[in-house]
Enquirer: 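Below: one structure in structure tokens.
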2 protein chains.
Amino acid sequence: METQTKNFRKRGAILECIRCTKTHPSADMVYAMLQKDHPDISLATVYRNLALFRKQGLIQCVATVNGTERFDANTAPHVHFICTGCDAVLDLPELQVPQSLCGEAAAGVGGQVSACQLSFTGLCGECSKN
Amino acid sequence: METQTKNFRKRGAILECIRCTKTHPSADMVYAMLQKDHPDISLATVYRNLALFRKQGLIQCVATVNGTERFDANTAPHVHFICTGCDAVLDLPELQVPQSLCGEAAAGVGGQVSACQLSFTGLCGECSKN
DNA sequence: TTGTAAATAATAATTGTTCTCAAATAGGAG
DNA sequence: CTCCTATTTGAGAACAATTATTATTTACAA
């Protein structure tokens with residue numbers, strides 16, 4: 001029973017992990033965070049399940065920072081800030097992409113728009129003091 | 001003299017190449033396009049110079065599609081459309097990010113905003129007919 | 001020509017990600 | 001409970017994009 005619950009679906013643990021953090025982690029960060037409760041987890045399992053969650057629409061990739069993808073369990077479209085100093089990805093919940101732009105975009109290409117993404121780049125509060 | 005002019009600074013050719021195309025090419029695409037006039041160019045040279053141009057502000061990375069970076073010599077902030085069908089990156093010159101948002105973003109993080117990027121994802125006209 | 005610093009080609013190394021495959025496991029049928 | 005089958009997983013190989021290294025070539029000035 002002990003080992004059973006421990007090994008019972010690491011998939012759930014991965015989803016839980018990404019839902020409980022605000023840092024928009026990469027696959028590697030999720031892997032590191034899970035080490036404590038699941039020391040025998042494989043990095044491949046993390047990648048595999050992140051890809052699955054994305055396909056299922058449970059999470060989304062919100063940015064690619066220095067070549068590594070960053071994920072978010074908040075699938076509602078929202079604005080991000082990417083710090084070039086510390087590679088942090090922050091939410092800007094108070095900002096919103098004007099709805100009208102989506103329609104204009106669809107019209108502009110004569111196709112279908114399924115998502116939009118707005119992100120700002122710069123130095124966060126911490127890093128701008130460096 | 002012949003060989004001299006031919007070998008004279010491939011850097012210029014790389015910049016020229018990216019300035020003369022509207023497809024927002026990747027490093028690999030630039031490399032392929034240069035093969036004709038510079039069959040002996042190295043892919044590493046393309047990467048190196050693209051990185052340099054970016055640092056100099058001559059070009060910018062406008063998107064990461066399927067893990068590969070796409071560049072643009074138009075460094076003015078403008079909106080893009082990324083087709084998930086054919087991986088094309090298109091301009092949407094008629095759209096603009098409201099200037100007010102940038103200020104709000106800077107205020108939101110208490111830091112400095114150096115760039116912003118808005119992109120829509122979906123199917124382009126061609127692909128939506130598939 | 002000769003010295004020096006920058007640019008390059010070739011290739012090795014690194015890094016993020018995906019694939020392969022055999023072993024472990026869950027959940028159902030008997 | 002026991003067997004069966006499909007799912008999930010770990011380990012590491014494979015892969016592709018990118019970066020670093022190194023020896024060679026080039027531009028240019030003295």
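Chain naming here is simple, since letters A, B, ... match the order of the sequence lines and numbering starts at 1 in each.
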Enquirer: For C:dA7 and B:Arg11 - does any side-chain N or O of the residue sit under 4.0 Å from the phosphate oxygens OP1/OP2?
Expert: yes
Enquirer: Tell me, please, which residues at least two apart from A:Arg19 pass salt bridge (charged side-chain N to carboxylate O under 4.0 Å, His left out).
Expert: none
Enquirer: Taking N or O atoms only and anything under 3.5 Å, show me the protein contacts with nucleotides 20-22 of chain C, one pair per line.
Expert:
none

Enquirer: Tell me: CD of B:Gln56 to C1' of C:dA6, nearest whole Å?
Expert: 14 Å
Enquirer: Under the side-chain hydrogen bond (donor to acceptor under 3.5 Å, both in side chains) test, which residues partner B:Gln35, sequence neighbours left out?
Expert: B:Tyr31
Enquirer: Let me check the geometry of the helix from C:dT1-D:dA30 to C:dG30-D:dC1. What is the bend angle between the axes at its two ends, five pairs each, to 10°?
Expert: 10°
Enquirer: Enumerate the residue pairs fulfilling ring pair (Phe, Tyr, Trp, His ring centres under 6.0 Å) with a member in residues 84-116 of chain B, sequence neighbours excluded, ordered by first and then second residue.
Expert: none
Enquirer: Would you kindly give the OH-to-P distance between B:Tyr31 and D:dA17, to the nearest whole Å?
Expert: 13 Å
Enquirer: Holding to side-chain hydrogen bond (donor to acceptor under 3.5 Å, both in side chains), I want the full list of residues that pass it with A:Thr21, two or more places apart in sequence or in another chain.
Expert: A:Thr23
Enquirer: Flag the pair B:Arg54 and B:Glu69 as a salt bridge only when some basic side-chain nitrogen lies within less than 4.0 angstrom of an acidic carboxylate oxygen.
Expert: yes
Enquirer: Check ring pair (Phe, Tyr, Trp, His ring centres under 6.0 Å) between B:His78 and all other residues, then give those that pass, not counting sequence neighbours.
Expert: B:His80
Enquirer: Take the protein atom CG of A:Leu43 and the nucleotide atom P of D:dA14, then report the distance between them rounded to whole Å.
Expert: 18 Å
Enquirer: Within the 4.0 Å heavy-atom criterion, would you say A:Asp28 contacts the bases, only the backbone, or no part of the nucleic acid?
Expert: nothing
Enquirer: Could you give the CG-to-C1' distance, from A:Asp40 to C:dA24, as a whole number of Å?
Expert: 11 Å
Enquirer: Is any side-chain N or O of A:Ser42 closer than 4.0 Å to OP1 or OP2 of D:dA11?
Expert: no
Enquirer: So does A:Lys10 pair up with A:Asp40, basic N to acidic O under 4.0 Å?
Expert: yes
Enquirer: What residues form a side-chain hydrogen bond (donor to acceptor under 3.5 Å, both in side chains) with B:Ser114, not counting sequence neighbours?
Expert: none
Enquirer: Tracing side-chain links under 4.5 Å among I, L, V, M, F, W and Y, which residues wind up in one group with A:Leu52?
Expert: none
Enquirer: D:dT8 P sits how many Å from A:Leu15 CG, rounded?
Expert: 14 Å
Enquirer: Does any residue of residues 63-71 of chain B have a heavy atom under 4.0 Å from DNA chain D, and if so, which ones, in number order?
Expert: B:Gly67, B:Thr68, B:Glu69
Enquirer: Quick check: closest heavy atoms across A:Ile59 and A:Ala73, and the distance to 0.1 Å?
Expert: CG2-CA, 4.0 Å
Enquirer: Please check the phosphate of D:dT19 (OP1 and OP2 only) for any side-chain N or O of B:Tyr47 closer than 4.0 Å.
Expert: no
Enquirer: Is B:Lys10 close enough to C:dA9 that one of its side-chain N or O atoms is under 4.0 Å from OP1 or OP2 there?
Expert: yes
Enquirer: In the hydrophobic clustering that connects Ile, Leu, Val, Met, Phe, Trp and Tyr at side-chain heavy-atom distances below 4.5 Å, which members other than B:Leu118 occupy its cluster, ordered by chain and number?
Expert: A:Val79, A:Phe81, A:Leu90, A:Leu92, A:Leu95, A:Val97, A:Leu101, A:Val109, A:Val113, A:Leu118, A:Phe120, B:Val79, B:Phe81, B:Leu90, B:Leu92, B:Leu95, B:Val97, B:Leu101, B:Val109, B:Val113, B:Phe120
Enquirer: Going by the rule side-chain hydrogen bond (donor to acceptor under 3.5 Å, both in side chains), which residues pair with B:Gln117 if we only count those two or more places apart in sequence or in a different chain?
Expert: none
Enquirer: Atom NE2 of B:His38 and atom P of C:dT8: how far apart are they, to the nearest Å?
Expert: 10 Å
Enquirer: Rounding to a whole Å, what distance do you find between B:Leu50:CG and D:dA20:C1'?
Expert: 17 Å
